[in-house]
Amino acid sequence: MQVTALEWVITIVVILALFVFDFFAHVRTPHEPTFRESGFWSAVYIGLALAFGGFVAWQWGSTFAGEYYAGFVTEKALSVDNLFVFLIIMSTFAVPRIYQQKALLIGIVIALVMRGVFIAVGAAAINAFSWVFYLFGLFLIYTAAKLIKESGHEVEHEEKRDSRIVALAKRVLPTTESYDGDKLITRVDGRRALTPLFLALLAIGFADLLFALDSIPAIYGLTSEPYLVFTANAFALMGLRQLYFLIGGLLDRLVYLSYGLSAILAFIGVKLVLHALHENTLPFINGGEHVSVPEISTAVSLGVILGILVVATVASLARTRSVAAKR
């Protein structure tokens, strides 16, 4: 897949322009988005993501389009888990609903920048060392196991992490306990101080860093093209703010989401290990020769990922409906 520097620049400029539009059109004036507004713009951004896949198919072929769609679906699914953490952070810091949009949008932009750095580092590592796929695969399998272990205790884990971040920030930076509109920095007795909104944004940024550690190896298990990795991440993050307000009330009903995501990460982890074995150059494995193992195609990967998400969602809704009926 040949992507010119000009195509990279145009892509980045368009993505940044969409975020700037989002800020001036929806976030600049503090308000709580209506269900209709959130639904409309969520549909718009998903439509743009799907249309971009069509552009990839036209420009580079259906194989790369399939890799893009598989990456996009995976990143979008993982982003729903991000929303649950964002909801906990907003609740922990008691961020007023009308100011949550600003913290979310800035946090999403921070996430995209962080992922851009991880994507570049990951691409360089893969090009230099084929055995990196072993590390990515084993890390995803470990993450999947950790996700299952923490299932049902997400709130406790996130609150502990947030409290440590806040304690450290308050120890080294001047802070205030009260909000000053949607300002991140205010003045108290003539001195500048960080508002709780800034601390919430700090917690979101740290959560974004942890999410990037999971999501980037996961998508590199579906495509080795940095351009597709970046655009799939960018389009998955677009509309995440609207999705937060659209399905925020439904997140508690997705009780099996973490199990579904852990299954996806484990599946991609196994796929990466198989790929690493197929491309093996490590001397202590099969004498440094390639290992003849089956490789999982992009079409199969996309089918498995979609299937897991459907099963997890249907099972979650059935479970919550059953529990509600017994009350």
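We're numbering straight along the sequence, starting at 1.
- Transitive grouping of hydrophobic side chains (ILVMFWY, heavy atoms separated by less than 4.5 Å) keeps V121 and L272 in distinct clusters.
- Here the shortest heavy-atom pairing between A232 and G71 reads CB-C, 3.9 Å.
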Inset, instruction - Report the C-alpha separation of F72 and T231 in whole Å, then their side-chain angles, then the decisive distance to 0.1 Å, and conclude whether the side chain to side chain contact (heavy atoms under 4.5 Å, CB included) test is met. - result: CA-CA 8 Å; F72 170 73; T231 51; over 6 Å; no
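- Put simply, the side chain of I204 does not reach to within 4.5 Å of the side chain of I110, judged on heavy atoms.
- Side chains of V304 and I296 form no contact here, defined as non-hydrogen atoms less than 4.5 Å apart.
- In this structure, NE2 in H278 is found 7.5 Å from NE2 in H290, a value given to the nearest 0.5 Å.
- Shortest non-hydrogen contact noted between I119 and P226 is CG2-O, 4.0 Å.
- For the pair F133 and A276, the tightest heavy-atom approach, listed with the atom from each and the gap, is CB-CB, 3.7 Å.
- Linking Ile, Leu, Val, Met, Phe, Trp and Tyr whenever their side-chain heavy atoms come within less than 4.5 Å puts I12 and L48 in one cluster.
- In this model, a donor atom of one side chain and an acceptor atom of the other lie less than 3.5 Å apart for Q59 and E7.
- Hydrophobic clustering, with ILVMFWY side chains joined whenever heavy atoms are under 4.5 angstrom apart, keeps I148 apart from V311.
- For F21, the ring pair (Phe, Tyr, Trp, His ring centres under 6.0 Å) criterion is met by H26, W41, not counting sequence neighbours.
- Interatomic distance, I141 CD1 to I268 CD1, rounded to the nearest 0.5 Å: 11.0 Å.
- Proximity of a side-chain donor or acceptor of Y220 to a complementary backbone N or O of S215 within less than 3.5 Å is not detected.
- Here the closest heavy-atom approach between residue S42 and residue L243 is recorded as OG-N, 3.6 Å.
- Looking at heavy atoms from C-beta onward, E67 lies in side-chain contact with T63 at the 4.5 angstrom threshold.
- Residues passing the salt bridge (Lys or Arg N to Asp or Glu O under 4.0 Å) test with K102, sequence neighbours excluded: D182.
- Side-chain atoms of M238 and I15, non-hydrogen and from C-beta on, do get closer than 4.5 Å to each other.
- Residues forming a ring pair (Phe, Tyr, Trp, His ring centres under 6.0 Å) with F136 (at least two apart in sequence, or on another chain): none.
- The hydrophobic clustering, which links ILVMFWY residues whose side-chain heavy atoms are closer than 4.5 Å, places V117 and L228 apart.
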Legend entry - Derivation and outcome, side chain to side chain contact (heavy atoms under 4.5 Å, CB included), residues T186 and V188: CA-CA 7 Å; T186 188; V188 178; 4.3 Å; yes
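- Considering CG of L199 and CD1 of I89, their distance stands at 11.5 Å, rounded to 0.5 Å.
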Inset, instruction - Report the C-alpha separation of L222 and T74 in whole Å, then their side-chain angles, then the decisive distance to 0.1 Å, and conclude whether the side chain to side chain contact (heavy atoms under 4.5 Å, CB included) test is met. - result: CA-CA 9 Å; L222 301 168; T74 300; 3.3 Å; yes
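- Using a 4.5 Å heavy-atom cutoff, the side chains of L112 and F19 are in contact.
- Side-chain atoms of D22 do not come within 3.5 Å of backbone N or O of L18 as any donor-acceptor pair.
- The ring pair (Phe, Tyr, Trp, His ring centres under 6.0 Å) test applied to F267 returns no partner, not counting sequence neighbours.
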Legend entry - Trace of the side chain to side chain donor-acceptor pair (under 3.5 Å) decision for Y227 with T11: CA-CA 9 Å; Y227 183 78; T11 301; 2.7 Å; yes
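- Without hydrogens or angle criteria, T320 side chain to L317 main chain gives a donor-acceptor distance under 3.5 Å.
- Annotation: side chain of Q100 is in contact with side chain of M90 (closest heavy-atom distance under 4.5 Å).
- Going from atom CG of L309 over to atom CG of L261 covers 7.0 Å, rounded to the nearest 0.5 Å.
- Ring centroid separation for the pair F235 and F52 comes in under the 6.0 Å cut-off.
- Taking CG from L201 and CD1 from I106, the interatomic distance works out to 5.5 Å, rounded to the nearest 0.5 Å.
- Among residues two or more places apart in sequence or in another chain, the ring pair (Phe, Tyr, Trp, His ring centres under 6.0 Å) test is passed with F86 by none.
- Below 30°, between 30° and 60°, or above 60°: for F55 and W60 the angle between ring planes is above 60°, a perpendicular geometry.
- When all heavy atoms of L265 and A218 are compared, the pair lying nearest together is CD2-CB, 4.0 Å.
- In this structure a side-chain-to-backbone donor-acceptor pair under 3.5 Å is missing from Q242 to G39.
- Using modelled atom types, one side-chain atom of S316 and one backbone atom of Y256 make a donor-acceptor pair closer than 3.5 Å.
- Judged by distance alone, the side chain of Y45 and the main-chain N or O of A236 form no donor-acceptor pair under 3.5 Å.
- Judged as a salt bridge (Lys or Arg N to Asp or Glu O under 4.0 Å), and not counting sequence neighbours, the contacts of E75 are R115.
- Side-chain atoms of T195 come within 3.5 Å of backbone N or O of K183 as a donor-acceptor pair.
- Under the 4.5 Å side-chain heavy-atom criterion for ILVMFWY residues, a single connected hydrophobic cluster contains both L104 and F24.
- In this structure, the separation between CD1 on I305 and CD1 on I264 is 6.0 Å, given to the nearest 0.5 Å.
- More than 12 non-hydrogen atoms from other residues, nucleotides or ligands lie less than 6.0 angstrom from CZ of R97.
- Listed for the S297 side chain is a donor-acceptor partner under 3.5 Å among the backbone atoms of V300.
- Minimum heavy-atom separation, T298 to A70: CG2-CB, 4.3 Å.
- Inter-residue side-chain proximity for Y69 and V56 is flagged as unmet; no heavy-atom pair is nearer than 4.5 Å.
- Within the 4.5 Å cutoff, the side chain of L184 has no heavy atoms near those of the L194 side chain.
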